[in-house]
Amino acid sequence: MRDLTAVKDALKNHQIELPSWAFGNSGTRFKVFGQPGVPRNPYEKADDAAQVHRYTGVAPSMAVHIPWDKVDDYAALSAHAAANGIHIGAVNANVFQDDDYKLGSVCNPDPRIRKKALAHLLECVDIMDATGSRDLKLWFADGTNYPGQDDIAARQDRLAEALAAVYQRLGDGQRMLLEYKLFEPSFYTTDVPDWGTALLHCQVLGDKAQVVVDTGHHAPGVNIEFIVALLLKSGKLGGFDFNSRFYADDDLMVGAADPFQLFRIMHEVAKAGALDPAAGVAFMLDQCHNIEPKIRAQIRSVMNVQEAVAKALLVDAEALTAAQLEGDVLAANAALMDAYNTDVRPLLAELRAEMGLAPDPVKAYLASGYGEKIIAERVGGDAAGWGA
Ligand code: LRH
Ligand code: MN
């Protein structure tokens, strides 16, 4: 697909969802470095997310995380977001921070605690009804730390039971996205550790259950684009949690640690025609800006995704396929590398001009003085964070 008008149209239609928690304070077990001007509530998080959309034009929604984004009136929060030109996206459940969940939430051996966890998941669907969200995102910290601690198979049965109950509750147009993660905070077993386990559960549940690929949740060396290609083929790729990492679940800016991997992933997505919102793949960021300015980092992250998508759309598919079928290994590899090695920044600057935006979103945001404004205004109150 080399027709630049079509490439630009695909880029204009490609939407990236921002995580509310990226605007709050975050860190590691060693330290959470607070930043001035950080939001104190979900309304201010939506204000900051709206800034990212204002300068990139392709980030029209913000995912929320419950209870980090708990409010009395979710319809009012949605209206506030809409007034700022964005909407509330995926609702992320949180059954990993309550003392009761030490030995797990929906996989916990204690039925009372499983019931409590399920109640939270069902409450999140109620919130989706109020915000008009399509996706319930489910990540479970559930797992064990020592061999023998619990029965691996029994925990899978408990998980399946809870997922089935949530599935039953989903309304029309609503989906549940199951996210897997190799390890952390559990260090021996994780009950949803990989794409295979997530896919197995989603296949049993039905069409409304899909898999989320968080790019930081794999063992080192795993070929993520292979997993993406497979999930796309089986119609079970519900979305991405984009970030990047050098070692573990570092939650760094997407494309920062491995832009070539992001390109290879987006090549599989573009080739499968799954860039378009109609294809139903949710492109979400899931990042923590522990030391860098958060709004600017989110803008840069959106630009990194756009650059990877633009390069993926510039792959000469005919030349690639011809070389693959001829077994011309080097020509096939070159078809991909030529696209990857293309400087797409001028194309994206042109695209932004066509969208009525400044060519450099970061420069435009910095010139707006919004960062200084929120530091001056947001004095007092508790800065938002993970509340851990
Ligand atoms: C778990 C995870 C999950 C979120 C959390 C913020 O590591 O990726 O998607 O709930 O980060
Ligand atoms: Mn994630």
Side-chain angles (χ1 to χ4, degrees), residues 16-29 32 39 42 45 49 61-70 88-98 101 104-107 117 120-121 123-124 127-128 133 135-143 166 175-187 190-195 197-198 210-219 222 224 227-228 231 237-245 247-255 257 262 265 281-290 294 297-298 301 305 384-388:
I16 298 155
E17 182 157 299
L18 309 178
S20 67
W21 53 98
F23 299 103
N25 283 328
S26 60
T28 70
R29 58 185 166 176
V32 171
K45 292 176 187 177
S61 61
M62 178 184 81
V64 293
H65 216 296
I66 308 299
W68 299 340
D69 298 313
K70 199 171 186 51
I88 301 298
V91 173
N92 286 261
N94 179 336
V95 284
F96 54 87
Q97 287 188 313
D98 188 297
Y101 299 144
S105 63
V106 294
C107 302
H120 171 74
L121 305 183
E123 180 206 348
C124 286
I127 293 170
M128 290 163 67
S133 299
D135 296 338
L136 172 68
K137 186 142 90 55
L138 299 176
W139 171 70
F140 298 102
D142 291 45
V166 175
R175 306 185 305 175
M176 53 197 284
L177 305 182
L178 184 57
E179 182 178 357
Y180 59 87
K181 181 175 181 178
L182 181 65
F183 82 104
E184 189 210 35
S186 302
F187 297 108
T190 292
D191 294 299
V192 188
D194 55 29
W195 65 274
T197 308
Q210 309 238 314
V211 179
V212 165
V213 174
D214 184 312
T215 46
H217 287 187
H218 305 82
V222 166
I224 299 176
I227 297 169
V228 169
L231 290 173
L237 179 66
F240 289 96
D241 264 7
F242 280 134
N243 49 63
S244 71
R245 51 81 172 274
Y247 303 104
D249 190 16
D250 308 352
D251 281 341
L252 300 173
M253 289 191 296
V254 60
L262 181 62
I265 290 170
V281 175
F283 299 92
M284 303 170 283
L285 301 183
D286 179 4
Q287 299 173 176
C288 295
H289 304 301
N290 300 344
K294 301 169 189 292
Q298 285 283 295
S301 300
V305 175
W386 283 42

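Atoms considered below: every heavy atom in the structure, side chains included; atoms not considered: hydrogens, waters and symmetry mates. The first residue in the sequence is number 1, and the count goes up from there. Model, not experiment: these values are computed from the prediction. Indexing begins at 1, ligand by ligand and atom by atom, following the structure's order.
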Rounded to the nearest 0.5 Å, how far apart are CZ of Arg245 and OG1 of Thr215?
-> 8.5 Å
Give the atom numbers and elements of ligand 1 that come within less than 4.0 Å of a heavy atom of [X].
X	answer
Asp241	9 (O)
Asp214	8 (O)
Trp386	6 (C)
Lys137	9 (O)
Trp21	6 (C)
Asp249	7 (O)
Lys181	7 (O)

Quick one: sort the Phe240 and Phe242 rings into parallel, tilted or perpendicular, breaks at 30° and 60°.
-> parallel
His65 vs Trp21 aromatic rings, parallel, tilted or perpendicular, using cut-offs 30° and 60°?
-> perpendicular
Test item: [X] and [Y] side chains (from C-beta on) under 4.5 Å apart, heavy atoms:
X	Y	answer
Phe140	Leu178	yes
Ile66	Asn94	no
Asp69	Met62	no
His120	Asp98	no
Arg175	Leu136	no

Atom of Ser20, atom of Lys45 and distance for their closest heavy-atom approach | O-CD, 3.6 Å
Between [X] and ligand 1, is there a nitrogen or oxygen pair with a distance under 3.5 Å?
X	answer
His65	yes
Trp139	no
Asn92	no
Asp286	yes
Glu179	yes

Which protein N, O or S atoms lie under 2.8 Å from the Mn ion (ligand 2)?
-> Glu179 OE2, Asp214 OD2, Asp241 OD2, Asp286 OD2
Side chain to side chain contact (heavy atoms under 4.5 Å, CB included) partner of Leu177, chosen from Asn92, Val211, Asp135 = Asp135
Worked check of side chain to side chain donor-acceptor pair (under 3.5 Å) between Asn243 and Asp214 = CA-CA 7 Å; Asn243 49 63; Asp214 184 312; 2.9 Å; yes
Under-4.0 Å heavy-atom contact with ligand 1, by part of Asn94 that carries it | neither
Under 6.0 Å between the ring centres of His289 and Phe23?
-> no
